[in-house]
Amino acid sequence: MENEVLIMHGRSEQSGFCTLCCEIDATLRSRTSRHYAGQASTGTLDVYLGKKSELLAKSSQCQSCRAFISCAEDYHAGASTSPTPMFAGNYDFSAHFMDQNPVLWVTFGSLPFDSTHIGNRRQLISQLAIIWLFSTDQNTPAGSTTWPAGTPRLFDPQQCDPFMVREWLHHCSSFHGDRCLRPATWLLRSEISRNFIDVELECIVTPVDDVPFVALSYVWGTVDTLQALKSNIDDLRRPGSLSASSSQVVPRTIRDAMKLCALTGQRYLWVDRACIIQDDYETKQQHLQAMAETYARAEFTIVAADGSDANHGLSGFGRNIEERKKHLIPFPSESLIRGTIWTFGNSFSSDTMWSSRAWTFQEHVFSRRLLYIEKFVNWICASARWTEALSTPLSEVAERDSKTSGEKIHVIDWPSLTGYARMVEQYNVRQLTYDSDAVNAFMGLLTQMCEGFPAGFFGGVPEFYFTICLLWQPKKGLRPRFNHPEASFLPTWSWLGWSGALDLQMWTCNTDAELPPGPYEVTIFPLVEWFKTPDRRRGSRIDDSYINVRKHFLEKAAPPPPGWLKHDGDPDSDFRPYYTYHAREHVGSGRKFRYPIPPSQRYRDINAVDSSSRYLYASIQRAFVVFGEPERHAPQRLGRSDDSGYDIIDIPLYTISSLWAGSIRLSLPTGEVLPIGQKCEVIRIAKGSLPLKDRALTNLNLQAPSSRESQLDWTLKQCAEREELSEESHFDFYFVLWIRWDGDTACRQALGVVWARAWEQAAHEEVDIKLG
């Protein structure tokens, strides 16, 4: 067919390009002209470029062929497995023209048959590796499921455009309102005097009045870096002491951040090690306690996500030039932009040293705006995400931003269990040098969230939802932090005591007040009254009052409190009445709730966070069950944390008399023998109910879940499908903790579920317990 032929050599080569790539360039220009003239494109749609060896032979003379080979090499370098036959040996390359951005798809790989046939390659294009190339002459259409809308923008591999950063800040300040202007701190109103790097005087200064400033978030690493000490602070205050010609060793990342501030009109830069006197313990502690406020008050925070230490520097400021060049694919008339997670601003969740460190999490959350730099410069705030490789007219951006919530995480100032779960999930997979810092690195967040969560937090757990927040599971193997002597104060019952990926479905599955509901309903009722002291005096009771608020409005139909409105039902509420809150903007009048929640507390009512909380005291029911053989179809080794050395497995539980009782998920050291047939001591902490007859479980994943998927739904599903429940309308069960004893202290080992009928048949008894 006419559209499936090789482009013939119809013009001479241009300097630096082979004849075939010149022909591709001419076709691109012709298609662009017809596009703007409103005419349909005609002519060749697909081009066979040749074997890998042929492109390699031309790569010394042709810039385009050299770029194609470089992209293929990057693809293989990033692959986690050995090359498949499709990409082994002397594989094929082809190019395919498209009617809209990305205008050119360059594919590589060998098909099992007729690999050089251009029609086969287009038809089976999804089986090949693809390099997406974007033209700066065309918009990427709105509504694309793959690429953000806008016009791809040519960038300078050596230097990012400082005017662009100024424009982002101006637009965010002008259009985003309180979402980005209001600092996310309400409690830390410190009176400390902050030092800054004055990028004009190139020295440390201490302004008398509040000044706008930029903060730097980076990874120290092991390199010698600039730090303020009692012995050198006077020298650092001397103008020019931090200049390039001074004797001070200023790491590249800090030097580049100073340059960025100067170029964008920001005079003051805050860098922790340079602005906090490191050997002045008293002052240092004051600044560490005010760290959240520092990042929240910054105009924006520069995130140096590239590299593993402070000497790596910032991409776009004379660093990482070759890596940035790889994203510009040259042709004779213009360069096309290679579409990757970096060029179009999707790298925020990528695996970097910065994103893996626990201490940087608070810096991300408290910062109002992030200038996130990983190969490319990106802007991330509560309302928008922009990148230097994509341009969108500000008039369009303003309209779009008003309808979006952005992608940045912020501190929660109302009792959103979903929001709290999101924070915990992301924080707990990050790494700490010292396990004992697990509380300290999260403390700023807990302190701020006290305003929104009634009664504050105990052991990192909100008291308002206390029982629900004991119902966490491992998503991958969890490593116990408390096993290290310096971290032995961490409680086994709290997620803070464990490192790794958590499954928090029970925190958000019909336990939060916010609508719409989750994919299936699990109603949870606390069964235990927990105390913080062994004498169980009145003031030491855990204020687990979520269920009381729920009952007050759902069962007693109480009138709405001030600030709340009650509405007739709609599809989100299953056509039952729902509530909205209008007294303060932080909750948002657009949110719908099953029932009113305590949205905030007065400043004087906010409780301090107890960071040393370890023990819980209660009278509780316990029983003994037996570990069974894993189900034949159950997922057994569901994956490991990256460095934990622990695996997880779901196994059934049986009564002492061999009746099926339930299921439990274990996190065990890799290679440890499963405790099949062993007796297991469990304590009952909550009751759950899952409807069966209305097939609520049809919304669950019916396949055995992979290591990346949430697993607790599998635990409930395999219980609910048991023959013993075939005549039941509901699966009524108890949440139980498997415990082991350390002296007089019970230690949590795992969370499971036990069928209520099996529990009643077991020889359970009431005991007093100290859970630590």
Side-chain angles (χ1 to χ4, degrees), residues 471 473-475 503 505-506 509-511 518-525 527 621-638 647-668 673-707 709-738 749-764:
L471 309 181
Q473 289 270 46
K475 185 179 288 186
D503 179 349
Q505 279 190 89
M506 289 301 104
C509 181
N510 196 27
T511 55
Y520 59 98
E521 299 273 318
V522 179
T523 306
I524 297 171
F525 303 94
L527 295 175
Q621 281 193 15
R622 74 166 175 187
F624 290 89
V625 291
V626 176
F627 293 116
E629 185 85 30
E631 302 288 345
R632 209 156 37 90
H633 56 286
Q636 296 195 22
R637 295 299 176 185
L638 295 176
D647 295 311
I648 59 174
I649 183 170
D650 286 89
I651 63 176
L653 297 173
Y654 292 87
T655 65
I656 301 298
S657 58
S658 300
L659 297 175
W660 175 81
S663 181
I664 194 167
R665 175 167 311 139
L666 307 182
S667 179
L668 301 172
V673 177
L674 296 179
I676 298 170
Q678 296 182 22
K679 194 157 64 170
C680 162
E681 183 176 356
V682 294
I683 55 174
R684 187 186 70 164
I685 61 173
K687 183 177 181 179
S689 182
L690 182 70
L692 299 177
K693 291 304 183 184
D694 62 1
R695 296 298 100 200
L697 288 174
T698 59
N699 290 313
L700 301 180
N701 178 15
L702 299 181
Q703 303 296 321
S706 71
S707 61
E709 294 174 326
S710 196
Q711 306 292 329
L712 190 55
D713 50 338
W714 170 262
T715 305
L716 290 175
K717 181 178 181 298
Q718 67 172 340
C719 289
E721 290 185 341
R722 295 283 303 194
E723 185 179 348
E724 291 88 344
L725 303 178
S726 59
E727 300 301 319
E728 304 290 332
S729 63
H730 285 73
F731 174 38
D732 294 321
F733 60 91
Y734 295 121
F735 288 100
V736 299
L737 296 181
W738 170 31
Q749 300 297 306
L751 175 73
V753 295
V754 171
W755 186 21
R757 188 174 301 175
W759 183 269
E760 300 307 326
Q761 294 179 7
H764 59 78

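All values below come from the heavy atoms of this structure, side chains included, with hydrogens, waters and symmetry mates left out. Because the structure is a prediction, the values reported are computed rather than measured.
If you take CD1 on Ile685 and CG on Leu737, they are separated by 4.0 Å, rounding to the nearest 0.5 Å. Here Ser689 contributes atom OG and Ile524 contributes atom CD1; the two are 10.5 Å apart, rounded to the nearest 0.5 Å. Of the inter-residue distances, the one linking Leu666 atom CG with Ile648 atom CD1 reads 10.0 Å to the nearest 0.5 angstrom. Here NZ of Lys687 is found 10.5 Å from CZ of Phe733. Values are rounded to the nearest 0.5 Å. Distance check: Cys680 SG to Gln749 CD gives 9.0 Å after rounding to the nearest 0.5 Å.
Of the residues Thr655, Asp732, Leu725, Leu653, the one that meets the side chain to side chain contact (heavy atoms under 4.5 Å, CB included) test with Trp755 is Leu725.
A pairwise comparison of heavy atoms in Ile664 and Phe627 identifies CG2-CE2, 4.0 Å as the closest pair. What you find for Arg622 and Ile683 is that their closest heavy atoms are CB-CG2, 3.9 Å. Of all heavy-atom pairs between Val682 and Val625, the closest is CG1-CG2, 4.2 Å. Listed here is the closest heavy atom pair of Asp650 and Arg665: OD1-NE, 3.1 Å. Here the closest heavy-atom approach between residue Ala661 and residue Ala758 is recorded as CA-CB, 3.7 Å.
Considering only heavy atoms from C-beta on, Asp647 stays 4.5 Å or farther from Leu668 through its side chain. The shortest side-chain heavy-atom distance between Leu527 and Phe735 does not fall under the 4.5 Å cut-off. Residues Pro630 and Ile676 have side chains in contact (heavy-atom distance under 4.5 Å, counting atoms from C-beta outward). With contacts defined as side-chain heavy-atom distances shorter than 4.5 Å, the pair Leu674/Glu629 does not qualify.
With sequence neighbours excluded, the residues satisfying side-chain hydrogen bond (donor to acceptor under 3.5 Å, both in side chains) with Gln621 are Trp759, His764.
For CD of Glu760, the number of neighbouring non-hydrogen atoms (other residues, nucleotides, ligands) closer than 6.0 Å is greater than 12.
Glu728 and Arg757 are joined by a salt bridge, as a carboxylate oxygen and a charged side-chain nitrogen come within less than 4.0 angstrom of each other.
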